[in-house]
Amino acid sequence: MVSDRIRMASLRDKIVSAEEAASYIKDGMVVGMSGFTRAGEAKAVPMALADRARREPMKITLMTGASLGNDLDKTMAEAHLLSRRMPFQSDPALRREINDGEVMFIDQHLSETVELLRSRQIRPIDVAVIEAIAITESGGIVPTTSVGNSATFAILAEKVIVEINVNQTMALEGVHDIYIPSRRPHRQPIPITNPDDRPGLGYIPVDPAKIVAIVETGKKDSTSNILDPDDETEAIARHLTRFFEGEVAAGRLGLSLQPLQAGIGTIANAVLHGFIDSPFKDLTMYSEVLQDSTFDLIDAGKMLFASGSSITLSKARDEAVMPNFARYRDKLVLRPQEISNHPEVIRRLGIIAINTALEADIYGNVNSTHVNGTHIMNGIGGSGDFARNAYLSVFVTKSIAKGGAISSIVPFVSHVDHCEHDVDLIVTEQGLADLRGLAPRERAKLIIENCTHPDYRPALQAYYDEAVKRGGQTPHCLEKVFAWHLAYKDKGTMKAAF
Ligand code: COA
């Protein structure tokens, strides 16, 4: 019963239909919704809004934690409801609208959105829509499978709509830790010195008078669409495992390494999964998305504790984990994304950050977001939060894409998300380039030799040799830096450039 989950009895008469709740949201408003990498998103109100937008055209600015499940970004994009969207998305239909210039997409470091809101550097939130498992006796909102930006959205919004999802397990209660940093300047240090520290509350503290509507829902989260490890991702995992074994042998790391962060997607998940067959033990995570590999490592007895902002699982893993969630609860914490991704905490804990590149160049600049320099894929997400502040910033990618028509190692990346100064290691199935302490010319040698696919290696070496003849700290043939990208655009393969 939904009313059992509303423990502040006076709020029970706020239960309304999704349509009625959505009527609080007007044309032109800024709406903050829960949801982070397909987990814990508000599910009914966005659908009701999209229905309304199909009947009577309206536009909103939509902020979330990250991407939404249940095709909600698709549904809202196709109803032409969205004028502005931030800070992350991963939906093909929305991606099309963004690349067509229909939706203004503000691609942000995930830790920063609520800082901008709190300091009123961007337009304030009118209405927050938050999925919850329950409302506490004091009116606190207990989130579901993600925290994302929900806490600050609810605290700052003028009005709050709560979607109580009766099919999200109550065993989630106790897994959240809601810590909100104090105001700047003169902010106090964030009191987290270990991944399992819990300085916050188990619920989002809001003024109950702001809760204008409560909607009962029951739809499940979408499951993740990551693929199983393949030969290439297993090779990447092997190279990284060997690298970490070397770090342990050199006395720079212990067998428990340092807290791990792994980015979204198939490759990063596969790399972490590879740690199951490694000598490492007593691992911890301080990451943003807890994927299948986190639970695989916990089950294998390899991981002691994982801190994140959301739980996003494949169908098979979801069916195994969620009914038995109580078993995992004391090994996990879900935090607001500004805390899971906070530069201060990442630097303090000494995180090993493993994120995925679309492409990297011979000096170690990384593009994680734009296909062929112009078209957005998903967004920078948390990769920048972690890469810049990590103890060790690793980028992984397969050396080729689209059946070999694209080399992921190029003369110059066509868009820069992570500059050479933020990248310590590049790993492809071909090998690993350890760039620490190296000058650009030394970096180029390693990246070309160790990471580039053999089909592209001689051409990349030839490009570099010609560039070196022209001199410079970071040699380039400026008229040729995008020749490979242009060849792909015009002829369908980068190989047409040489
Ligand atoms: N140029 C064009 N397309 C490329 C490419 C390149 N250099 N390299 C890969 N691709 C394509 C692949 O072919 C694939 O396309 P498909 O979906 O049509 O098959 C797609 O990009 C995804 O690549 P894949 O190799 O399957 O990697 P992935 O699922 O691990 O995703 C990113 C890779 C970069 C898109 C993803 O990790 C991302 O969005 N990262 C940015 C956000 C982030 O890092 N967050 C981390 C903190 S959680």
Side-chain angles (χ1 to χ4, degrees), residues 36-39 65-67 87-92 95 107-111 146 148 224-230 232-233 236 260-273 285-291 293-294 308-312 337 340-341 346 351 353-361 366-390 393-410 412-415 417-418 422-423 427-429 451-453 456 482 484-485 487-489 492-494:
F36 193 103
T37 44
R38 303 159 73 87
S67 55
F88 188 80
Q89 61 79 42
S90 64
D91 179 80
R95 187 180 295 155
D107 182 14
Q108 274 172 334
H109 294 305
L110 293 189
S111 70
S146 70
S224 72
N225 41 17
I226 50 168
L227 306 171
D228 287 336
D230 58 21
E232 280 87 20
T233 55
I236 291 171
L260 298 164
Q261 176 260 338
I264 55 161
T266 299
I267 301 179
N269 187 63
V271 167
L272 265 207
H273 192 268
M285 266 191 118
Y286 195 85
S287 194
E288 53 172 53
V289 186
L290 307 182
Q291 304 188 77
S293 48
T294 305
S309 193
S310 79
I311 299 171
T312 308
Q337 69 198 61
S340 63
N341 291 29
I346 293 165
I351 304 292
I354 305 170
N355 289 293
T356 311
L358 281 177
E359 60 179 7
D361 69 27
V366 165
N367 170 12
S368 292
T369 55
H370 282 70
V371 172
N372 233 16
T374 52
H375 282 56
I376 193 83
M377 176 69 96
N378 300 326
I380 192 166
S383 56
D385 292 322
F386 285 96
R388 172 149 293 180
N389 302 292
S393 169
V394 183
F395 278 90
V396 294
T397 179
K398 294 183 181 180
S399 69
I400 49 173
K402 304 294 175 205
I406 291 177
S407 171
S408 306
I409 310 294
V410 290
F412 204 146
V413 285
S414 56
H415 176 94
D417 293 295
H418 312 289
D422 295 340
V423 179
V427 196
T428 70
E429 80 289 349
C451 301
T452 311
H453 192 276
Y456 287 91
F482 297 131
W484 293 20
H485 297 90
Y488 178 70
K489 189 164 177 283
T493 173
M494 286 185 171

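Computed over heavy atoms, backbone and side chain alike; hydrogens, waters and symmetry mates excluded. We count ligands from 1, going down the list as the structure has it; atoms in each ligand are counted the same way.
Scanning the protein for heavy atoms near atom 29 (O) of ligand 1, the closest one is T266 N, 3.6 Å. Counting only heavy atoms of the protein, atom 48 (S) of ligand 1 lies nearest to E288 OE2, 2.5 Å. Nearest protein heavy-atom contact of atom 40 (N) of ligand 1 is S368 O, 4.0 Å.
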**OP:** Give the intermediate values and the outcome of side chain to side chain donor-acceptor pair (under 3.5 Å) for residues S368 and S383.
**Re:** CA-CA 8 Å; S368 292; S383 56; 4.6 Å; no
**OP:** Evaluate the side chain to side chain contact (heavy atoms under 4.5 Å, CB included) criterion for residues R95 and N378: first the C-alpha distance (whole Å), next the side-chain angles of each, then the deciding distance (0.1 Å), finally the verdict.
**Re:** CA-CA 8 Å; R95 187 180 295 155; N378 300 326; 2.9 Å; yes
Subject >> S293 vs N269, side chain to side chain donor-acceptor pair (under 3.5 Å): CA-CA, chis, key distance, verdict >> reply: CA-CA 6 Å; S293 48; N269 187 63; 2.8 Å; yes
Original post:
Given the rule in the side chain to side chain contact (heavy atoms under 4.5 Å, CB included) test, do I267 and E232 qualify, once you have shown the distances and angles that lead to the verdict?
Top reply: CA-CA 9 Å; I267 301 179; E232 280 87 20; over 6 Å; no
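Aromatic ring pairs are classed by plane angle as parallel below 30°, tilted from 30° to 60° and perpendicular above 60°; the pair Y456 and W484 is tilted.
The residue among I409, T312, I354, L358 with a heavy atom at the shortest distance from atom 8 (N) of ligand 1 is L358. Across the listed options I376, I267, I400, I267 owns the non-hydrogen atom lying nearest to atom 24 (P) of ligand 1.
Contacts between T356 and ligand 1 below 4.0 angstrom, taking non-hydrogen atoms only, involve backbone and side chain alike. Heavy atoms of Q261 found under 4.0 angstrom from ligand 1 belong exclusively to the side chain. For L227, no heavy-atom contact with ligand 1 is shorter than 4.0 Å. When heavy-atom distances to ligand 1 are checked against a 4.0 Å cut-off, A401 comes that close only through its side chain, counted from C-beta outward. For I406, every heavy-atom contact with ligand 1 shorter than 4.0 Å involves the side chain, none the backbone.
Side-chain contact between T369 and I376: present, with at least one pair of heavy atoms (C-beta onward) separated by less than 4.5 Å. A 4.5 Å side-chain heavy-atom check between E429 and H453 finds at least one atom pair inside the cut-off. A heavy-atom distance below 4.5 Å is found between the side chains of H485 and M494. In this structure the side chain of N355 reaches within 4.5 angstrom of the side chain of Q261, judged on heavy atoms. In this structure, T397 and E359 have side chains that are not in contact, with every pair of non-hydrogen atoms separated by 4.5 Å or more. Side-chain contact between D361 and V410 is present, with heavy atoms from C-beta onward closer than 4.5 Å. Residues R388 and I346 form no side-chain contact, since every pair of their non-hydrogen atoms from C-beta on lies 4.5 Å or further apart.
For atom 10 (N) of ligand 1, a protein non-hydrogen atom is found at a distance below 4.0 Å. Distance check for atom 13 (O) of ligand 1: a protein heavy atom is found below 4.0 Å. Under the 4.0 Å distance rule, the nearest protein heavy atom to atom 26 (O) of ligand 1 falls outside the cut-off.
Below 4.0 Å from some heavy atom of K402 lie the following atoms of ligand 1, by number and element: 13 (O), 15 (O), 16 (P), 18 (O), 19 (O). Against a heavy-atom cut-off of under 4.0 Å, G379 is close to the following atoms of ligand 1: 41 (C), 42 (C). Atoms of ligand 1 lying under 4.0 Å from at least one heavy atom of I380, given by number and element, are 42 (C), 43 (C), 45 (N). Interface of N378 with ligand 1, defined as ligand atoms under 4.0 Å from a residue heavy atom, comprises 35 (C), 38 (C), 39 (O). Counting the atoms of ligand 1 from 1 in the order shown, those under 4.0 Å from a heavy atom of N355 are 46 (C), 47 (C). Near V371, with a cut-off below 4.0 Å to any heavy atom, the atoms of ligand 1 are 2 (C). Contact atoms of ligand 1 toward G263: 46 (C), 47 (C), 48 (S) (distance under 4.0 Å to a heavy atom of the residue).
The closest approach between a heavy atom of A268 and any atom of ligand 1 is not below 4.0 Å. The closest approach between any non-hydrogen atom of M377 and ligand 1 is below 4.0 Å.
If you check the side chains of T233 and D230, you find a donor sitting under 3.5 Å from an acceptor.
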